2 protein chains.
Amino acid sequence: MSTAEETTGGEVEPWEEVTPDAARRLLVAAVEAFAERGYHATTTRDIAGRAGMSPAALYIHYKTKEELLHRISRIGHDKALDILRTAARREGSAAERLADAVGSFVRWHAGRRTTARVVQYELDALGPEARAEIVALRRQVDAEVRGIIEDGVASGEFDVPDVHGTTLAVLSLCIDVARWFTVNGPRTPEEVGALYADLVLRMVGAGQASHGS
Amino acid sequence: MSTAEETTGGEVEPWEEVTPDAARRLLVAAVEAFAERGYHATTTRDIAGRAGMSPAALYIHYKTKEELLHRISRIGHDKALDILRTAARREGSAAERLADAVGSFVRWHAGRRTTARVVQYELDALGPEARAEIVALRRQVDAEVRGIIEDGVASGEFDVPDVHGTTLAVLSLCIDVARWFTVNGPRTPEEVGALYADLVLRMVGAGQASHGS
DNA sequence: GGCAGCGCTAAGCGCTCGCTCACCGTCGGC
DNA sequence: GCCGACGGTGAGCGAGCGCTTAGCGCTGCC
């Protein structure tokens, strides 16, 4: 009960790849501030204050405020893509893999809501070249989900008239969890993940076929 | 072909209820600026510039920059609620009414994307009392959709284990259209509306039952 | 045709922003 | 035991912010 970090169920503490300890504290503070107020409404003084440092300390570890956002967005997208890839490349039917992908993707968006919020909604605050890098990652995310749906259509498990549109809708549904989910709400990330996995299976015409866990 | 205003298919020009002409021009300029850059990243000088006026002119018609956002948000939510109410209270089966609600709600979010973006994503920039007013409107939006789904469950048309969760997901799906939709994309608002209406019917267990227009 | 009222502008106030710079304490290497 | 390197601070720079104010020109009324 130190900082309530076990909501994802998976790893205990992310951002471990951010190596100087002070840099990590600043980055975690920035994630919280950006998620609460948005990038533009967050001041560098606020970030430094949350990390227990002076405003100038920020510029020892990061060149600009935007670099902080870029690092957060990059690491977050890598994590999101990793989650989807793991689900997409496991063994099992297309329905099982799609349910797994949606379930774990949604659990991440709900459990790591502050991170997901920054990652999904502050893209426009990045400069052109940083945004281009992130957009490329998003295309890989899209391709991963589309691949599962195409597999299900090919095997006859799914009935999907518009694969691209349905892929878009599935991802849209998952991403928007970061907007509305709150820890004070009636649902746990696990419950939302299970509900959404079921809804998505229905969307691809494989509904109610959720046999087993 | 003056400003491309016929994308919604419905009325020709919104914001007609904003009465002094200069006030309406400022408000339309603010909608565009807020949608492009976000509320906090938009300056009053930018808004006034887009409306072809000096920065001081803004304060003749609006007390603060936040009042502009409040007015936009209020009018937009009223419109969104009106769209859903019209669909919910027409005659027809629950499936027809749900498809109509989702279709028209999505068409609005896609066709009036700039407005919808501000309305749906800049809520946190409002002060406490203004936000409370808007949150109350959102609850009515939620109740309208939930009502249709409950009707369908009661009549046996729908098979929905979690009515509240499914309502949330349906609205979430529609709202997120404002985030990803772009006029340069491959789909028209009408096409997205039709696709989403079909997907939502599948989500409630009334899929492929789209007989007739 | 003078004038009150109003919509609007030019200029600028006070403030806070992102970011910089001169300086300082601590700590490992010799 | 001194010393360079490095992580950190206090103070503050220039710029741009939201918003105000003094005044100007147009327009309608008598």
Side-chain angles (χ1 to χ4, degrees), chain A residues 15-73 118 122-131, chain B residues 15-73 118 122-131:
Chain A
W15 311 120
E16 51 196 354
E17 58 259 76
V18 184
T19 37
D21 183 74
R24 177 168 54 246
R25 269 159 49 218
L26 282 165
L27 191 131
V28 169
V31 169
E32 288 173 11
F34 291 163
E36 269 180 36
R37 311 218 223 289
Y39 175 79
H40 288 295
T42 299
T43 70
T44 54
R45 284 162 178 83
D46 182 26
I47 297 170
R50 284 173 192 249
M53 299 164 116
S54 80
L58 197 150
Y59 294 92
I60 296 164
H61 301 283
Y62 302 96
K63 203 158 48 178
T64 61
K65 177 179 150 188
E66 193 198 316
E67 191 195 318
L68 254 174
L69 177 61
H70 183 198
R71 288 269 263 272
I72 293 166
S73 196
V118 178
E122 302 292 346
L123 180 66
D124 292 340
L126 288 170
E129 69 290 347
R131 181 159 60 240
Chain B
W15 310 121
E16 53 196 353
E17 59 259 73
V18 185
T19 36
D21 184 75
R24 178 169 52 247
R25 269 159 49 217
L26 282 164
L27 191 133
V28 169
V31 169
E32 288 173 11
F34 291 163
E36 270 180 35
R37 311 219 224 287
Y39 175 78
H40 287 294
T42 299
T43 69
T44 54
R45 285 162 176 84
D46 183 25
I47 297 169
R50 286 173 191 250
M53 298 164 116
S54 81
L58 197 150
Y59 294 92
I60 295 163
H61 301 284
Y62 303 95
K63 203 158 48 178
T64 61
K65 176 179 148 187
E66 194 198 315
E67 193 196 317
L68 253 173
L69 177 61
H70 183 197
R71 287 270 263 271
I72 293 167
S73 196
V118 178
E122 302 291 345
L123 180 66
D124 292 340
L126 288 171
E129 70 291 343
R131 181 159 60 241

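Keep in mind that this is a model prediction, so the values were computed, not measured. So that the names make sense, note that chain A is the first sequence line, chain B the second, and so on, each numbered from 1.
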side-chain contact (heavy atoms from CB on, under 4.5 Å) partners for B:P55, two or more places apart: B:R45
Check: A:E66 side chain, A:G127 main-chain N or O, donor-acceptor pair, under 3.5 Å: yes
Distance (rounded to the nearest 0.5 Å) between A:H70 NE2 and A:E129 CD: 8.0 Å
Nearest heavy-atom neighbours spanning B:W15 and B:V28: CD1-CG2, 3.6 Å
Considering only nitrogen or oxygen atoms on both sides, find all protein atoms under 3.5 Å from nucleotides 16-18 of chain C and state each distance.
from, atom 1, to, atom 2, distance (Å)
C:dG18, OP1, A:T42, O, 3.0
C:dG18, OP1, A:K65, NZ, 2.9
C:dG18, OP2, A:T44, N, 2.8
C:dG18, OP2, A:T44, OG1, 3.1
C:dG18, N7, A:R45, NH1, 2.9
C:dG18, O6, A:R45, NH2, 3.0

Within residues 26-44 of chain A or reaching into it, pairs that qualify as side-chain hydrogen bond (donor to acceptor under 3.5 Å, both in side chains) - sequence neighbours excluded: A:E36-A:R50, A:R37-A:D46
Boundaries of the chain B footprint along DNA chain D (any atom under 4.0 Å from a heavy atom): D:dC17 to D:dT21
From B:I72 atom CD1 to B:E67 atom CD, the distance as rounded to the nearest 0.5 Å: 11.0 Å
N/O donor-acceptor pair under 3.5 Å between A:Y62 side chain and A:L69 backbone: no
Rounded interatomic separation in angstrom, taking CE from B:M53 and P from C:dG7: 10 Å
Reported CD1-to-NZ distance for the pair A:I47 and A:K65, which is rounded to 0.5 angstrom: 6.5 Å
Nucleotides 21-29 of chain C: protein proximity per nucleotide (B base, S sugar-phosphate only, - neither; heavy atom, under 4.0 Å): B--------
Nearest-angstrom distance from the residue atom CD1 of A:I47 to C1' of C:dC19: 13 Å
Residues in side-chain contact (heavy atoms from CB on, under 4.5 Å) contact with A:A48, at least two apart in sequence or another chain: none
Interatomic distance, B:L26 atom CG to B:M53 atom CE [nearest 0.5 angstrom]: 5.0 Å
